[in-house]
Amino acid sequence: ADPFCLEDPTPPGAATRDFDGGTVWITADGLVGVTTDGGSGRVRVPSASPMPLQALVIDAEGNGEKQLIVSNGRVARLFVLAGCKISAAYDGQGQQFEFDLENLRGNGTGIGCSDLGDGRRLVGLQALPDGGGYTVRRTEIDLTGFIATVGRSDTVTGTSLQDPVVASAMTITCGDLTIDQNGVRQP
């Protein structure tokens, strides 16, 4: 058994969603976890947001390494998974890496996975009105172990909020996965 894993099953009453390699879950009181063949890992995610927590497990770079994104609707925290072990990703300044989801800090409206030239990577997305349409800034997030640093960025344009480029920049996606369809929501 993995020494970082608990033998505990998924807590009763938790909302669950399967992912490739396990199950991600959230309890009503904000405990977020993953259960794999090796056991369970869990992390408490405090939230002052009135919106329920949502969580999505992704493989941003398509290399078998998994990430856990936990959103309270305003910000999303990034975690790195190793089996059932959940570790916070840090920004290189000692703070947990967070994505801005409502442009509250002026740097983002969503999260995605895009190829800006070096293969698929996790990206922070910022969709802003621009005259008659929208400009979407995509900023690469480079993951090295538990450190997430901001990499290069580019911009793409969209015509309206319904344009897939813009719509996906206002939520959390990775490839075919979306947090609403493939994630789990706090009960």
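Numbers here simply count residues along the sequence, with the first being 1. Both backbone and side-chain heavy atoms feed into the values below; hydrogens, waters and symmetry mates do not.
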Single-linkage hydrophobic cluster, 4.5 Å side-chain cutoff, Phe19 and Ile86 together: yes
Measure across Cys113 and Ile58 and return the closest heavy-atom pair with its distance rounded to 0.1 Å. SG-CD1, 4.2 Å
Hey, is the main chain of Gly106 close enough, under 3.5 Å, to the side chain of Asp100 for a donor-acceptor pair? yes
At what distance, to the nearest 0.5 angstrom, does OG of Ser168 lie from CD1 of Ile111? 12.0 Å
Same apolar cluster: Leu81 and Val45, side chain cutoff 4.5 Å: yes
With sequence neighbours excluded, what pairs up with Asp29 under the salt bridge (Lys or Arg N to Asp or Glu O under 4.0 Å) test? Arg44
So do Leu68 and Val32 actually touch side chain to side chain, heavy atoms under 4.5 Å? yes
Considering residues, nucleotides and ligands other than Asp176, do more than 12 of their heavy atoms fall under 6.0 Å from its CG? no
Co-membership, hydrophobic cluster, residues Met170 and Val75, 4.5 Å side-chain: no
With distance as the sole test, does Asp91 use its side chain to make a donor-acceptor pair with the main-chain N or O of Gln96 at under 3.5 Å? no
Separation of Arg42 CZ from Thr35 OG1 (nearest 0.5 Å): 7.5 Å
Using side-chain heavy atoms (C-beta onward) and a distance below 4.5 Å, is Asp18 in contact with Thr16? no
Note, Leu116 side chain near Arg121 side chain (heavy atom, < 4.5 Å): no
Output for pair (Thr149 OG1, Ile147 CD1), nearest 0.5 Å, gives 8.5 Å
Looking at side-chain heavy atoms only, is the closest gap between Leu128 and Asp130 below 4.5 Å? no
Decide yes or no for Leu78 and Leu122: does some side-chain heavy atom of the first lie under 4.5 Å from some side-chain heavy atom of the second? yes
Ring pair (Phe, Tyr, Trp, His ring centres under 6.0 Å) involving Phe79 - partner list, sequence neighbours excluded: none
Would you mind reporting whether Val136 and Val166 have side-chain heavy atoms less than 4.5 Å apart? yes
If you compare all heavy atoms of Cys84 against all heavy atoms of Thr36, which two are closest, and at what distance to 0.1 Å? CB-OG1, 3.6 Å
Are any non-hydrogen side-chain atoms of Leu101 and Ser71 less than 4.5 angstrom apart? yes
Partners of Asp154 by salt bridge (Lys or Arg N to Asp or Glu O under 4.0 Å), sequence neighbours excluded? Arg138
What closest approach, in Å, do Arg74 and Leu104 show between heavy atoms, and which atom pair accounts for it? CB-CD1, 4.1 Å
For Ile26 and Val184 the tightest heavy-atom approach is CD1-O, 3.6 Å
Working to the nearest 0.5 angstrom, can you tell me the gap between Ile172 CD1 and Asn182 CG? 12.0 Å
Set of residues satisfying salt bridge (Lys or Arg N to Asp or Glu O under 4.0 Å) with respect to Arg17, sequence neighbours excluded: none
Identify the heavy atoms of Gly13 and Pro187 that sit nearest to each other, and give their distance. O-CG, 3.7 Å
Side chain to side chain contact (heavy atoms under 4.5 Å, CB included), that's the test. Do Arg77 and Ile69 meet it? Break it down for me. CA-CA 6 Å; Arg77 292 184 172 93; Ile69 297 172; over 6 Å; no
Residues that Asp118 engages under salt bridge (Lys or Arg N to Asp or Glu O under 4.0 Å), provided they are two or more places apart: Arg152
Closest heavy-atom pair and its distance - Ile141, Ala148: CG2-CB, 3.8 Å
Cut-off 3.5 Å, no hydrogens considered: what does the side-chain donor-acceptor table look like for residues 47-57, sequence neighbours left out?
from	atom 1	to	atom 2	distance (Å)
Ser47	OG	Ser49	N	3.2
Ser49	OG	Met51	N	3.1
Ser49	OG	Asn72	O	2.7
Gln54	NE2	Asp180	OD1	3.1

Strictly distance-based, threshold 3.5 Å: is any side-chain N or O of Thr27 a donor or acceptor partner for the main-chain N or O of Leu31? yes
Is there a side-chain contact between Ile179 and Thr171, using heavy atoms and a 4.5 Å cut-off? yes
Does the pair Arg120/Glu61 count as a salt bridge with the N-to-O cut at 4.0 Å? no
Between Arg137 and Thr155, does any side-chain donor sit less than 3.5 Å from a side-chain acceptor? no
Testing Thr109, Leu161, Val165 for side chain to side chain contact (heavy atoms under 4.5 Å, CB included) with Tyr134, which one passes? Leu161
As a test of understanding, state which of Thr139, Asn107, Asn103 forms a side-chain hydrogen bond (donor to acceptor under 3.5 Å, both in side chains) with Gln126. Asn103
Would you say the side-chain atoms of Thr178 pair up with the backbone N or O of Gln181, donor to acceptor, closer than 3.5 Å? yes
